[in-house]
Amino acid sequence: MSMLYSSASNDDVCESATDNEVNNENPSAATDKLDYIMKSGGVISRSEGETIHCLTIIGQIEGHYLLGDGQKATKYEHIIPLLVSIEESSDIDGMLMVLNTMGGDVEAGLAIAEMVAGMSKPTVSLVLGGGHSIGVPLAVASDRSFIVPSATMTIHPVRMSGTVVGVPQTYYYFERMQDRIVNFVVDHSNVDENKFRELLLRTDQIATDVGSIVDGKEAVNIGLIDSIGGVSEALASLRDMIQSSGDKV
C-alpha cells in the first residue's frame, strides 16, 4: 500500500559546489556547471559574495516505488543527501527551492519538507506553475515562501493506492497521516487550521474528487504562502535573510 498526495537527477547529487564553480581559469567550467545541473536538478550561483544553491522540485515526488520512464520525477533518495550537503557546506550561504510539482508519495514529500524546515541556513521557496498535493507542505517548509500569480495549489485529502484492508486500524492510520500533513502546514505557515481543513473537504471545485484549487493571490490571502512574487523577489528576500543572519561567507 502506498500513500499518494497527488528533477531529473542521479546518484552524484552530493557533488561539491566548489568543484563546479565557474571561473575564468577553468575552460571546462561551463561544461561542469551544465553537467551539475543535469545531475542534481539544481544550480549554484554566486553574486555579490553570496553563494546560493537553487534546488528544483519538479514533476512527481517519487517515494518507495519507481515511477514509469516517461514521467518527470524528483527522487527523495537524491534530494535528502543533497540537502545534507547544502546544510554542511561552508561554501553555501542559502537555498532557493523552486517548485512545479503535481505531488506524489506522502512520506517522501514530508521527509523532504522536514529536512528543509530543519535547515539552519536561510531558505526561500518559490511556486511556479503548480505546488499541488504534497507540494503544499514542501512550499511552506522554507523560512519564507513566494508564489507567482499564475501558479495554483491543489489541496485535497490523502489518497491510498494498492491493497487496502477494510478494518478500523486502516482508517485510523489514514486519519493520522492526514493530521501529520495538516499539522505541518499549519505550523509552517499562517493559514488557520479550520480554514485549511475546510479547503481539504470542499466538494464543489474538483470534478469526481474533494478538495480545493487556489491560485497565487488566494494562497497568500489565506496565509498559506507569504508573498506574491517571482524569482527576483525570492532571491532578494533570500539575500536579505543571508545578510541578516550573518551566515554570509
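Just so you know, residue 1 is the first one in the sequence shown, and it goes up from there. Side chains are part of it too, since the values below use all heavy atoms of this structure and drop only hydrogens, waters and symmetry mates. Every value quoted in this text rests on a predicted model; they were computed, and no experiment measured them.
- Placement of Met119 and Leu110 within a single hydrophobic cluster is found when ILVMFWY residues are connected by side-chain heavy-atom separations under 4.5 Å, directly or transitively.
- When every heavy atom of Arg202 is checked against every heavy atom of Ser212, the shortest pair comes out as CD-OG, 3.2 Å.
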For this session: Assess whether side chain to side chain contact (heavy atoms under 4.5 Å, CB included) is satisfied between Ile147 and Met153, documenting all intermediate values.
Result: CA-CA 10 Å; Ile147 187 170; Met153 306 182 77; 3.9 Å; yes
Exercise. Going through the distances and angles, do Glu50 and Gln243 end up as a side chain to side chain contact (heavy atoms under 4.5 Å, CB included)?
Worked result: CA-CA 9 Å; Glu50 297 154 358; Gln243 293 172 2; 2.8 Å; yes
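- Atom OG in Ser189 sits 8.0 Å away from atom CD1 in Ile222 (nearest 0.5 Å).
- In plain terms, the two heavy atoms of Pro122 and Ser245 that are nearest each other are CG-OG, 3.8 Å.
- Put simply, Ile206 and Val210 are part of two different groups of oily side chains (I, L, V, M, F, W, Y) that touch within less than 4.5 Å, one to the next.
- Within the 3.5 Å criterion, the main-chain N or O of Ile52 finds no donor-acceptor partner in the side chain of Asp93.
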May I have the list of side-chain donor-acceptor pairs in residues 193-200 shorter than 3.5 Å, sequence neighbours left out?
unit_1	atom_1	unit_2	atom_2	d
Glu193	OE2	Arg197	NE	3.2
Glu193	OE2	Arg197	NH2	3.4
Arg197	NH2	Asp179	OD1	3.0

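- Of the possible donor and acceptor atoms, one in the side chain of Thr123 sits under 3.5 Å from a partner among the backbone N and O of Asp143.
- Taking each heavy atom of Leu224 and Ser145 in turn, the nearest pair found is O-OG, 4.3 Å.
- Nearest heavy atom pair, residue Phe184 against residue Ala117, reads CZ-CB, 4.1 Å.
- Gln60 contributes no side-chain N or O that, together with a main-chain N or O of Gly104, makes up a donor-acceptor pair within less than 3.5 Å.
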For this session: Kindly indicate, with the supporting measurements, whether the criterion side chain to side chain contact (heavy atoms under 4.5 Å, CB included) is fulfilled by Glu62 and His78.
Result: CA-CA 10 Å; Glu62 185 177 274; His78 294 166; over 6 Å; no
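- Cluster membership for Ile57 and Val84, using ILVMFWY side-chain heavy atoms within less than 4.5 angstrom, is shared.
- Under a 3.5 Å cut-off, the side chain of Lys121 and the backbone N or O of Met95 do not form any donor-acceptor pair.
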Problem set entry | Candidate pair Ile134 and Asp105, rule side chain to side chain contact (heavy atoms under 4.5 Å, CB included), full reasoning | CA-CA 7 Å; Ile134 201 62; Asp105 187 278; over 6 Å; no
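- For the side chain to side chain contact (heavy atoms under 4.5 Å, CB included) criterion with Leu55, the lone passing option out of Ile112, Val98, Ile79 is Ile79.
- Checked by atom type and distance alone, the side chain of Glu233 pairs as donor or acceptor with a backbone atom of Gly230 at under 3.5 Å.
- For the atom pair CD1 (Ile181) and CD1 (Ile155), the distance works out to 12.0 Å, reported to the nearest 0.5 Å.
- Here NZ of Lys75 is found 11.5 Å from CD1 of Ile61. Values are rounded to the nearest 0.5 Å.
- In this structure a side-chain-to-backbone donor-acceptor pair under 3.5 Å is missing from Thr154 to Ser133.
- Of all non-hydrogen atoms in Met102 and His132, the two that sit nearest each other are O-CB, 3.8 Å.
- You'll find the side chain of Thr74 stays beyond 4.5 Å of the side chain of Thr101, heavy atoms only.
- Using modelled atom types, one side-chain atom of Ser85 and one backbone atom of Leu82 make a donor-acceptor pair closer than 3.5 Å.
- Taking NE2 of His188 as the reference point, atom CD of Glu114 lies at 6.0 Å (rounded to 0.5 Å).
- Linking Ile, Leu, Val, Met, Phe, Trp and Tyr whenever their side-chain heavy atoms come within less than 4.5 Å puts Ile92 and Ile80 in one cluster.
- Distance check, rounded to the nearest 0.5 Å: CD1 of Ile225 to CZ of Phe146 gives 10.5 Å.
- Under the 4.5 Å side-chain heavy-atom criterion for ILVMFWY residues, a single connected hydrophobic cluster contains both Met177 and Leu138.
- Between the CD1 atom in Ile213 and the CD atom in Gln205 there is a gap of 6.5 Å [rounded to 0.5 Å].
- The minimum heavy-atom distance linking Val124 with Ser237 is given by the pair CG2-OG, 4.3 Å.
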